[in-house]
Participant: 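Please find one structure pasted underneath; my questions will follow.
Throughout, a chain's letter reflects where its sequence line sits, starting with A, and its residues are numbered from 1. Everything quoted here is computed from the prediction, not taken from an experiment.
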There are 2 protein chains.
Amino acid sequence: MAFVADGTRTRLSAVERRNQLVEVGRAVFAEKGYEAASVEEIAERAKISKPVVYEHFGGKEGLYAVIVDREMEYVIEQISTAIAEGTPRERVEAASLAFMRYVKERPSGFAVLSRDAPVTTGLSNLLAEVAHRVGNVFRAEFKRAGYDARTAPLYAQALIGMVTFVGQWCIDNTRMSPDEAASHVAALAWMGLRHLPEKPELLGG
Amino acid sequence: MAFVADGTRTRLSAVERRNQLVEVGRAVFAEKGYEAASVEEIAERAKISKPVVYEHFGGKEGLYAVIVDREMEYVIEQISTAIAEGTPRERVEAASLAFMRYVKERPSGFAVLSRDAPVTTGLSNLLAEVAHRVGNVFRAEFKRAGYDARTAPLYAQALIGMVTFVGQWCIDNTRMSPDEAASHVAALAWMGLRHLPEKPELLGG
DNA sequence: CTCGTAGGTTACTCAACCGTAGGTAGTGGC
DNA sequence: GCCACTACCTACGGTTGAGTAACCTACGAG
């Protein structure tokens with residue numbers, strides 16, 4: 001995969017071209033969002049003409065779908081690995097750390113995923129699913145506090161939300177390393193879970 | 001403000017028309033996002049022709065700006081009021097509750113705000129600012145745990161992230177009331193803050 | 001050498017949509 | 001009952017951008 005920007009119009013194999021287009025496309029979609037991004041610009045940045053994109057991906061939607069798919073795959077893999085073993089607390093920490101590192105390492109991919117709501121929701125649900133299947137990380141805490149299974153996805157959403165927002169903040173403010181941010185997030189999340197009161201009463205208003 | 005959809009082409013005053021267009025526009029922008037939304041559709045849904053929109057708001061961007069501005073104003077006001085007084089814990093609960101209710105009551109406004117990243121970031125910062133000025137809600141907890149002020153915005157971001165994601169989840173899953181969801185979020189957030197360890201060590205990896 | 005094919009290009013069509021020019025009808029003041 | 005003004009309309013220009021048709025060219029196999 002050597003599509004350096006050295007001016008010379010290199011002729012790439014189909015696979016290489018696909019990979020390049022996925023990378024370039026990810027960058028463009030991340031910058032402008034799906035609607036505002038144009039196939040022309042993607043082609044231009046890749047130093048090819050538009051029909052090539054159509055040749056490989058069928059169109060704008062096709063390219064976008066592949067990009068999102070690969071990115072989801074990647075994130076899920078990172079988190080799944082991180083969460084695979086250890087005590088519940090270690091899992092929370094590892095997952096948080098993995099996500100923050102992902103955000104730092106692939107900001108454009110993160111931007112694409114977090115830009116459209118359906119994808120984000122899907123990601124959250126998928127992670128909740130992963131968490132559930134891999135080891136039921138929160139079950140012990142829930143059980144202790146007497147919560148029913150109905151609330152589990154809520155807490156999963158809350159965790160993803162925390163990590164996502166702090167991740168974005170971390171990109172904007174380069175003052176704090178992802179690792180340090182991850183520690184804070186993990187601490188907040190874990191301590192919150194650990195000390196959940198029994199059936200918090202509804203609040204008046 | 002009585003622009004009922006009764007078929008008859010009512011002639012509205014400037015103020016009424018503006019209000020109507022803000023509402024209709026909010027709905028359309030919420031559904032499609034800024035780029036995909038069209039002035040034509042907004043005009044169509046409002047049962048008027050396109051130039052009217054340009055007359056009142058100068059263009060697509062102008063209308064969008066007004067919508068976002070009003071929405072921000074509204075949210076900030078809700079949260080500010082909620083967070084104005086009480087113990088720190090009560091403030092966290094009240095803020096969480098206020099936000100969840102907002103999400104439930106004005107889903108389209110919430111969608112507009114949460115759709116574009118800059119606005120969301122701005123909102124978070126603004127809320128952090130509000131929290132800071134109104135009473136330094138977290139200061140006591142931070143001080144106890146020995147954190148510096150640099151980490152405060154991180155926790156603000158985390159809280160907004162939690163509430164935002166759970167809010168979205170609450171819209172999609174009508175199974176849980178905003179009030180109940182707010183209790184859970186507040187409990188998680190508060191317990192997390194309350195039990196922050198002293199300087200969580202960095203995690204290996 | 002030549003021929004087939006994979007990789008790439010130019011040059012278009014068609015539709016959507018932002019924004020505007022210029023004209024029309026209801027309505028309040030006097 | 002006329003005047004002026006406000007609200008609103010039809011109809012268009014110009015641009016952008018998705019998607020396609022038809023043609024071109026490097027290059028390895030035989």
Participant: Do A/T81 and A/E77 have a side chain donor and acceptor closer than 3.5 Å?
Facilitator: yes

Participant: Using the side-chain heavy atoms of B/S38, tell me which of these nucleotides is nearest: C/dG8, D/dA18, C/dC17.
Facilitator: C/dC17

Participant: Is the backbone N or O of A/S38 less than 3.5 Å from a side-chain atom of A/E41, with the two atoms forming a donor-acceptor pair by type?
Facilitator: no

Participant: Can you tell me the distance, in whole Å, between the CG atom of B/N19 and the P atom of D/dA7?
Facilitator: 13 Å

Participant: Side-chain contact test, heavy atoms from C-beta onward, threshold under 4.5 Å: evaluate it for A/R101 versus A/Q78 and give yes or no.
Facilitator: no

Participant: Base, sugar-phosphate, or nothing for A/V52, non-hydrogen atoms under 4.0 angstrom?
Facilitator: base

Participant: Please tell me if the side chains of A/E40 and A/E44 come closer than 4.5 Å, counting only heavy atoms from C-beta onward.
Facilitator: no

Participant: Which part of the nucleic acid, if any, lies within contact of B/A37, taking any heavy atom under 4.0 Å across all strands shown: a base, the sugar-phosphate backbone alone, or nothing?
Facilitator: sugar-phosphate

Participant: May I ask you to establish whether B/K60 and B/Y34 are in a cation-pi arrangement, using a distance under 6.0 Å from NZ or CZ to the six-membered ring centre and at most 45° from the ring axis?
Facilitator: yes

Participant: Just how far, in rounded Å, is P of C/dG19 from CD of B/E61?
Facilitator: 7 Å

Participant: Among the candidates D/dA18, C/dA6, C/dT27, find the nucleotide nearest to the side-chain atoms of A/V39.
Facilitator: D/dA18

Participant: Send over the distance from B/L12 CG to D/dC9 P, rounded to a whole Å.
Facilitator: 11 Å

Participant: Pick base, sugar-phosphate or nothing for B/S49, based on heavy-atom distances below 4.0 Å to the nucleic acid.
Facilitator: base

Participant: In sequence, state the C-alpha distance, the side-chain angles, and the governing distance for B/I171 and B/F110, and then conclude on side-chain contact (heavy atoms from CB on, under 4.5 Å).
Facilitator: CA-CA 10 Å; B/I171 289 178; B/F110 171 65; 3.9 Å; yes

Participant: Within this structure, what is the CD-to-P distance between B/E40 and D/dC12, rounded to whole angstrom?
Facilitator: 15 Å

Participant: Quick check for you: among D/dC8, C/dT9, D/dT10, whose closest atom lies nearest to any side-chain atom of B/R17?
Facilitator: D/dC8

Participant: May I ask you to check whether over 12 heavy atoms, not counting those of B/R175, lie within 6.0 Å of atom CZ?
Facilitator: no

Participant: If you check the B/Y54 side chain, which of D/dA18, C/dG19, D/dA7 turns out closest?
Facilitator: C/dG19

Participant: Starting from P on D/dA18, measure out to CD on A/E41 and report it in whole angstrom.
Facilitator: 10 Å

Participant: To the nearest Å, give me how far apart NZ (A/K50) and P (C/dA11) are.
Facilitator: 14 Å

Participant: Let's see if you can work this out: which of C/dA21, D/dA7, D/dA18 has an atom nearest to the side-chain heavy atoms of B/P51?
Facilitator: C/dA21

Participant: Rounded to whole Å, how long is the line connecting atom NE2 of A/H56 with atom C1' of C/dT9?
Facilitator: 14 Å

Participant: To the nearest Å, give me how far apart CD (A/E55) and P (D/dG19) are.
Facilitator: 14 Å

Participant: Could you list, one pair per line, each protein nitrogen or oxygen that sits under 3.5 Å from a nitrogen or oxygen of nucleotides 3-5 of chain D, together with the distance?
Facilitator:
none

Participant: Confirm from the modelled atom types if A/K60 and D/dG17 form a donor-acceptor pair under 3.5 Å, side chain to base only.
Facilitator: no

